[in-house]
J.: 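Got a structure for you, written out below as structure tokens; questions coming shortly.
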Amino acid sequence: MKKNSLRFFLSLLALILIIGLIGCSSDSSQGTSQNQDTSSNDSSSDSSNDNESQERMSVTIMAPSFSPEGLDSDSPALKAIEDYTNMDINLQLVANANYEDRFNVTLASGDLPHIMVAYKTPSFINAARDGAFWDITDYLDDYENLRQANEIVLNNTSIDGRIYGVYRSRPLGRNAATINTEWLDNLGLDIPTTIDEFYEVLRAFTYDDPNQSGQDDTYGMVVSEWAGPWNTMQVWMGAPNKWGHDENGQLKPDFMFDEYREALRFFKKLYDEGLVNEDFAVMDSGQWFDPIVNGTAGVVVDVADQANRLQNRITENYTEDDIILDVFGAVEGPHGLRNLPTAGYHGVLAISRTSVTTEEELRRVLQFLNDLNDEVPQNLAYNGVEGIHHEVNDGVLDIIAQRDGGTLFDREVRDLNQFQMHVSGDLFLKAPQTALQKRQDEVMEANMDIVVANPAEPLISPTYTERGQQLDNIIDDARIKFIVGQIDEDGLDEAIALWLRSGGEEYIAEINEAYQIAQAAQ
Amino acid sequence: MKSHNTPMGRVFDVFNHIILALIALAMIVPFLYVIAGSFATEAELARRPFFIFPETFTTGAYQYIFSTPTFIRSIGVSIWVTVVGTIVSLSLTLMMGYALSKSRLLGKNVIIYLVIFTIIFQGGMIPTYLLVRDLGLLNSLWALILPIAMNPMWLIIVISFFRSLPNELEESAKIDGASDIKIFLSIALPLSKPIIATFTLFYAVQYWGDYFNALLYISDNAKYPVMLLLQNIMTMADMRFGEVDALVEQPDQSLKLAVIVVATLPIMFVYPFLQKHFAKGMLLGSVKG
Amino acid sequence: MPKVETSQRIPVQQLPTNKVTKWQMIVRDKWLYFLLIPGLIWFIVFRYVPMWGTLIAFQNYSPFLGFWGSEWVGFTHFERLFQNPDFYRILRNTLILALYETLFVFPAPIILALMLNEIRFTAYKRTIQTLVYFPNFLSWVIVASLTYVFFTTSGGIVNVIIERFTGSTIFFLGDPEWFRTMIIGQQIWKNVGFGTIIFLAALANVSKEQYEAAIVDGAGRFRRMWHVTLPAIRHVIVILLILNMGNFLDQGFQQIYLMTNSLNRSVADVFDVYIYFSGITQGAFSHSTAVGLFKGVVGIILILTTRYIAKKLKQETLF
């Protein structure tokens, strides 16, 4: 009886599987029809005021959403963008929490929106290679705004040397350090400009009672288990940004350079002398900034915009007199002032080939994306409609919709910036800034001249795609263990040997090969 | 139960009470921190790693939450999904569980194997999404219920519970000519109040806590359950969940904690209400005697 | 209870098993099938129709190309898994942690339920019961944050106390030796109260008479627990244990990931973390499905083995 039921169960299972498979065969065929009838309900109201020669095209955009409210489909700001671009925009906003999952199921469903915000994940890379999205490399130059896209960033977004979407621009020089100037003043020190000064400041912050409490209750710099700060500081110290050219012109990973090793020795010294929090290797990232806010640590290396955020946590709605923090981009190392850049973008707007089928339509959509970069839509997306969401008095912007908890702004404006690119620059009005925010912008601007590009950024290695996380862990773990003294320099060498054995060898070869191909293509 | 206690037993009693009190304390203290933190200022949250009474008491986070209709509406959605879902789930589970608890049922073993197989192997996110779409459930609240309407593990436990019920009452009802449905409704279910209470709670907690299905299947913000809002706020600017976008304003720590309180308190109150039903099974004793 | 079982089975086995009788059995139990069908349909539609998703383990699945458009690659992903230099370390870590979970996390709610069952003041009992169930509602992110606050060597209260008594601190969060203890501790803390509920429900079925009879027999506290209370929940324990075996290799990605750092990764790498990074950040749907299948096969073997042992020990196993 038992045996029989098991056998029966297995054959039943097979049968159901077959039914399931037949069921799923209908999936891919039935896409794309759904998008046509969208946003018809509101077209009647504003048809009176626009006499455009061309008929409006309906375009669906999928983007992440950060507003708890979502966006009202009859938001006046959205309407104004539609009027400006002569398009019917149908937004599919997806809660940001797991945007990636929603992106994947949308790919699988075959119902691709015209435009999707896509992050450079293997899933997007594969879909682009399989022809899900338009290759727009050769079209960009035909559009006045898109033409102005930054070459480095474009290169970063590329897949196999081709561009599959217009990037959403972000500051390239965002990495910076935040420092407590009150402590500096107490000690009679200036913002450090060299590695040696940086060390002296951290030392003084730890041992010279910077808060004048008479107690040993401070230390120099706070680091958490997140490895970002070490990555930034090793570039200050002259190590390459992930990949560098060796003396033979071959690309090698950063940790094979002497400057990297030198940087690690410096980090170890900081740790050994107690200038960095002793438990950094296990510190929960959620608590990373608390020591700055509560005045136990004086420096944190993160992003420039963190300073304003931290100042706000120290004194809510701070005035100029309250400011005790300042920002600096980098300190000078053996190879001069250098800093680690960010990717310079956060996702691209990719155009799907299943919804946008003809080149004519593609041109129309590209024109739309181009127009979104104009000043008017930028202002609408960031500040809403003048008179409803914001006012400008003597050139000073006041976003009135953000008052009273900002519900109006959340409902009618906030998520509109998720399909903004500003590849030709930030043209929208910004609210008046504090001195600290101005400093942040200056630092990010200054960083643009000193950031070190990663020559391998756009290159794709199959080995890395498969085993990247493991490879990175080997090196990252060895670095942390070296800093806290669990392994010595021999241990570092062993880690590198292990890295090479675990696929690093192939990774280096693949990157160099891809680099040659990319160079030859240019 | 009167006390028939030996000295040994009394010592045990004292220890038992004390240990349980300590355990309960260890369980409740972190939650008190979450509540206290939701009323504290940002500066205090950074300065004091742990506290149960905030020095400066502020309700700013709650004012923000309740300044918009969003949270109240999403709690409404969650309540609907939880109530309807729990009713659907309980009905399916109890009915199927009762049928499968009868070993005379032909094919019972095959079906139990089928059920256990699904504890271990599942189709995964994409096939389930395509199924839900093909059933026309996208953007419907039923998509938050049907894909998780039964838990195979709990079904098996329900079967096992029904099996442990005494047979005599059912046998005699059968002789009186009652149908299986009548026996199920008028004999088996009333005897099963403790498991019904248990799985009411389990399913309710499952539906209340689910945000992933909403994320996949719901596009209309008006239909977001509160846990999705919670998840959104918790991951918005948390580098543990990936790159933090320069554009995104980070929510305050106190707001995060307040959202946790608002999102979890309603479901936590379910248990004390159900609790008294756990004792009802005691009437079994009289049935047996 | 087992006695009831056997007496119930006898009539079925006595029936001659020819086709006519099977039909008669179905007709006889028509109302039971009526109760069964909605659930069965649900299982077929929502659990078996999507089951084709497991077959992508043998493909290079691309969501855009779909199931029929993706390339079939046979056992490539399994080979890749087994040839991964880290495979045995991950397997070992997973097995050890799973074993600890079975030994410590699984019995914890049973013990707590027995302790609660001995409390006679209803109000006290209910209060404790309610309080212990709270942690279940805190997310792992919060649990991890609080764990850091309490256990860090820089001023965490636990280490402050330890230092006062021993003069040295314990590196709970970074020492690989402590990783498993911390994980198990967190799991017990978070889940024990909620897990107790099901055993308390089972205990509700124990009659007063059974206790009183035991008392008349002169049974002490612990003998009553052993001979009356435990047997009453034994069937639940056995079933839960068997079913848990099916998910033996599941660890829950979030908790492990949040507690992992550069210093303890050597013991923290488990399959669920591997699946996360190969499946989600590397987009390899097929590979992570293959790992899932491997885990599932292990689960099936363990379920059948446990069931076999339980049968040998004369325990009721349901199937």
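Here is the naming used below: chain letters follow the sequence lines, and residue numbers restart at 1 for every chain.
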J.: Please name the residue in the list B:K108, B:K174, B:R104, B:K102 that meets the salt bridge (Lys or Arg N to Asp or Glu O under 4.0 Å) test with C:D29.
T.: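 Only one of B:K108, B:K174, B:R104, B:K102 forms a salt bridge (Lys or Arg N to Asp or Glu O under 4.0 Å) with C:D29, namely B:R104.
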
J.: With a 4.5 angstrom heavy-atom cut-off, which part of C:I239 approaches chain B: side chain, backbone, both or neither?
T.: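 The side chain, not the backbone.
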
J.: Can you say whether the rings of C:F194 and B:F202 are parallel (under 30°), tilted (30 to 60°) or perpendicular (over 60°)?
T.: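 Parallel, since the angle between the ring planes stays under 30°.
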
J.: Before giving the answer on side chain to side chain contact (heavy atoms under 4.5 Å, CB included), spell out for B:Y98 and C:L32 the whole-Å C-alpha distance, their side-chain angles and the decisive distance to 0.1 Å.
T.: CA-CA 8 Å; B:Y98 181 73; C:L32 285 181; 3.8 Å; yes

J.: Shorter than 4.5 Å, heavy atoms on both sides: which option in C:L138, C:V192, C:L35 has the most such pairs with chain B?
T.: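 Between C:L138, C:V192, C:L35, the count favours C:L35.
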
J.: Supply the atom-to-atom distance C:I128 CD1 to B:I28 CD1, rounded to the nearest 0.5 angstrom.
T.: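 If I round to the nearest 0.5 Å, the distance is 11.0 Å.
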
J.: Decide yes or no on side chain to side chain contact (heavy atoms under 4.5 Å, CB included) for B:K256 and C:I142, but give the supporting numbers first.
T.: CA-CA 10 Å; B:K256 287 187 184 178; C:I142 299 284; over 6 Å; no

J.: Answer with side chain, backbone, both or neither: which region of B:L25 has an atom nearer than 4.5 Å to a non-hydrogen atom of chain C?
T.: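 Neither part.
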
J.: Keeping the roles fixed (side chain from C:W31, backbone from B:K182), state whether a donor-acceptor pair exists under 3.5 Å.
T.: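 No: the side chain of C:W31 does not pair with the backbone of B:K182.
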
J.: What part of B:L106 is in contact with chain C, defined as an atom under 4.5 angstrom from a non-hydrogen atom: side chain, backbone, both or neither?
T.: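 Contact with chain C is through both the backbone and side chain of B:L106.
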
J.: C:V238 versus chain B, heavy atoms under 4.5 Å apart: side chain, backbone, both or neither?
T.: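 Nothing of C:V238, per the 4.5 Å heavy-atom cut-off to chain B.
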
J.: Could you check which of B:S160, B:A99, B:A26 has the highest count of heavy-atom pairs closer than 4.5 Å to chain C?
T.: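 Of the options given, most contacts go to B:S160.
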
J.: Can you tell which of B:I157, B:I181, B:I112 has the highest number of heavy-atom pairs within less than 4.5 Å of chain C?
T.: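 Of B:I157, B:I181, B:I112, B:I181 has the most heavy-atom pairs under 4.5 Å with chain C.
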
J.: Pick one of side chain, backbone, both or neither for B:L146, based on which atoms fall under 4.5 Å of a heavy atom in chain C.
T.: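 Both the backbone and the side chain of B:L146 come within 4.5 Å of chain C.
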
J.: Go through C:T127, C:I56, C:I37, C:L40 and name the one with the most non-hydrogen pairs under 4.5 angstrom from chain B.
T.: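 The option with the most such pairs is C:L40.
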
J.: Quick check on the structure: residues of residues 88-97 of chain B within a heavy-atom distance below 4.5 Å of chain C, by number.
T.: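 The list, in residue order, reads B:L92, B:M95, B:M96.
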
J.: Against chain B, work out which of C:S139, C:A202, C:G155, C:G156 has the most heavy-atom pairs shorter than 4.5 Å and name it.
T.: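 Going by pairs under 4.5 Å, I would pick C:A202.
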
J.: Between B:T198 and C:A201, what is the shortest heavy-atom contact and its length?
T.: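 Scanning both residues completely, I find the closest heavy atoms to be OG1-CB, 2.9 Å.
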
J.: Could you pull out all residues at least two apart from C:N244 that satisfy side-chain hydrogen bond (donor to acceptor under 3.5 Å, both in side chains)?
T.: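 side-chain hydrogen bond (donor to acceptor under 3.5 Å, both in side chains) list for C:N244, sorted by chain: empty.
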
J.: To the nearest 0.5 Å, tell me how far C:M25 CE sits from B:L105 CG.
T.: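 Between atom CE of C:M25 and atom CG of B:L105 there are 8.0 Å.
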
J.: For chain C, which of B:G123, B:G124, B:P272 has the most heavy-atom pairs under 4.5 Å?
T.: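 It is B:G123.
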
J.: Would you mind reporting whether C:F67 and B:I126 have side-chain heavy atoms less than 4.5 Å apart?
T.: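 With C-beta onward as the side chain, the pair stays apart.
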
J.: Give the member of B:I159, B:V132, B:I156, B:I23 that has the highest number of heavy-atom pairs under 4.5 Å with chain C.
T.: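 The candidate making the most pairs under 4.5 Å is B:I156.
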
J.: For the CG atom of C:L112 and the CG atom of B:L20, what is their distance to the nearest 0.5 Å?
T.: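 So the gap between those two atoms works out to 6.0 Å.
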
J.: Does B:Q275 form a side chain to side chain contact (heavy atoms under 4.5 Å, CB included) with C:Q129? I'd like the steps, not just the answer.
T.: CA-CA 9 Å; B:Q275 215 176 21; C:Q129 245 171 274; 3.2 Å; yes

J.: Name the region of B:L257, side chain, backbone, both or neither, that has any atom closer than 4.5 Å to a heavy atom of chain C.
T.: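 Side chain only.
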
J.: Which atoms of C:V149 are under 4.5 Å from chain B, going by heavy atoms: the side chain, the backbone, both sets, or neither?
T.: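 When you check distances to chain B, only side chain atoms of C:V149 fall under 4.5 Å.
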
J.: State the CE-CZ distance between C:M115 and B:F15, to the nearest 0.5 angstrom.
T.: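 CZ of B:F15 is found 11.0 Å from CE of C:M115.
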
J.: Which bit of B:A263 is near chain C, if near means a heavy-atom gap under 4.5 Å: side chain, backbone, both or neither?
T.: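 Interface part for B:A263: neither.
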
J.: Report the distance from atom CZ of C:R47 to atom OG1 of B:T128, rounding to the nearest 0.5 Å.
T.: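 One finds 7.0 Å between CZ of C:R47 and OG1 of B:T128.
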
J.: Among the options B:T264, B:V34, B:N16, pick out the one with the most heavy-atom pairs lying under 4.5 Å from chain C.
T.: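 If we count pairs closer than 4.5 Å to chain C, B:N16 comes out on top.
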
J.: Can you tell me how far the CE atom of B:M27 sits from the OG1 atom of C:T130, to the nearest 0.5 Å?
T.: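 The OG1 atom of C:T130 is 13.0 Å from CE of B:M27, to the nearest 0.5 Å.
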
J.: Looking only at heavy atoms and a cut-off of under 4.5 Å, which of C:V45, C:I26, C:N136 has the most pairs with chain B?
T.: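 So the answer, after comparing C:V45, C:I26, C:N136, is C:V45.
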
J.: Who wins among B:S192, B:G209, B:P152, B:S179 for the most heavy-atom pairs under 4.5 Å with chain C?
T.: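 Answer, by heavy-atom pair count under 4.5 Å with chain C: B:P152.
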
J.: Which bit of B:I111 comes within less than 4.5 Å of chain C, counting heavy atoms only: side chain, backbone, both or neither?
T.: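 The side chain, not the backbone.
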
J.: If you count heavy-atom pairs under 4.5 Å with chain B, which of C:I157, C:T122, C:I300, C:I303 comes out on top?
T.: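 The answer is C:I300.
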
J.: Of the listed residues (C:F43, C:W42, C:F134, C:F137), which shares the most heavy-atom pairs with chain B below a 4.5 Å separation?
T.: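 Going by pairs under 4.5 Å, I would pick C:W42.
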
J.: Donor-acceptor pair, distance only, cut-off 3.5 Å: does the side chain of B:Y33 make one with the backbone of C:L146?
T.: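 Between the backbone of C:L146 and the side chain of B:Y33 there is no qualifying donor-acceptor contact (under 3.5 Å).
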
J.: What part of B:F121 gets within 4.5 angstrom of chain C, counting heavy atoms only: side chain, backbone, both, or neither?
T.: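 Both backbone and side chain.
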
J.: Would you name the heavy atoms of B:F199 and C:I198 that are closest together and state the gap between them?
T.: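 Scanning both residues completely, I find the closest heavy atoms to be CZ-CD1, 3.9 Å.
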
